[in-house]
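Scroll down for the structure; my scribbles are underneath it.
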Amino acid sequence: KCSGRVGCVYETASDMDNDPDQVAKELIEQFGLKQASVRASQSAFEAQEAGQLYELSVWRDVRRAIYEKQAAGSRNHTKS
């Protein structure tokens, strides 16, 4: 769903599922946890630069959902 931009997975928020947790899950499945975080951050930055406030809001929520999954993974590894 992307025209080739580095941080892009979805061209616009209207192309994406507006559920940030679902988008985060899809990114993680497609790119892995670390790269999903990078791509969500890049997409948030691109939305901010373009003045696309709705898309920025969605990407920030996606990024938050990814960070929460990273934190949960870290907690699970330290409990072992």
In Å, rounded to the nearest 0.5 Å, how long is the span from OG of Ser43 to CD of Gln52? 10.5 Å
CH2 on Trp59 to CD on Glu46, rounded to 0.5 Å: 9.5 Å
Quick one: does Ser41's side chain get under 4.5 Å of Tyr67's, heavy atoms only? yes
Going from CZ on Arg63 to CD on Gln42, what distance comes out if it is rounded to the nearest 0.5 angstrom? 11.0 Å
Quick one: list whatever passes salt bridge (charged side-chain N to carboxylate O under 4.0 Å, His left out) with Glu29, sequence neighbours left out. Lys25
Indicate whether the side chain of Gln30 and that of Glu26 have a donor and an acceptor atom separated by less than 3.5 Å. no
Nearest 0.5 Å please: distance from the CG atom of Asp21 over to the CD atom of Glu68. 7.0 Å
Is there a continuous path of hydrophobic side-chain contacts, each under 4.5 Å between heavy atoms, that joins Val62 to Phe45? no
Can you see which heavy atom on Ile66 is nearest to which on Ala40, and at what distance? CD1-CB, 3.9 Å
Apply side-chain contact (heavy atoms from CB on, under 4.5 Å) to the pair Phe31 and Val38, showing each step before the final yes or no. CA-CA 10 Å; Phe31 300 108; Val38 169; over 6 Å; no
Which residues pass the side-chain hydrogen bond (donor to acceptor under 3.5 Å, both in side chains) test with Gln70, not counting sequence neighbours? none
What are the two closest heavy atoms between Ala65 and Ala24, and how far apart are they? CB-CB, 3.8 Å
I'd like to know if the side chain of Ser57 and the backbone of Leu53 have a donor-acceptor N/O pair within less than 3.5 Å. no
Lys69 meets the salt bridge (charged side-chain N to carboxylate O under 4.0 Å, His left out) criterion, sequence neighbours left out, with none
Which heavy atom of Ala44 sits nearest a heavy atom of Leu56, and at what distance? O-CD1, 3.3 Å
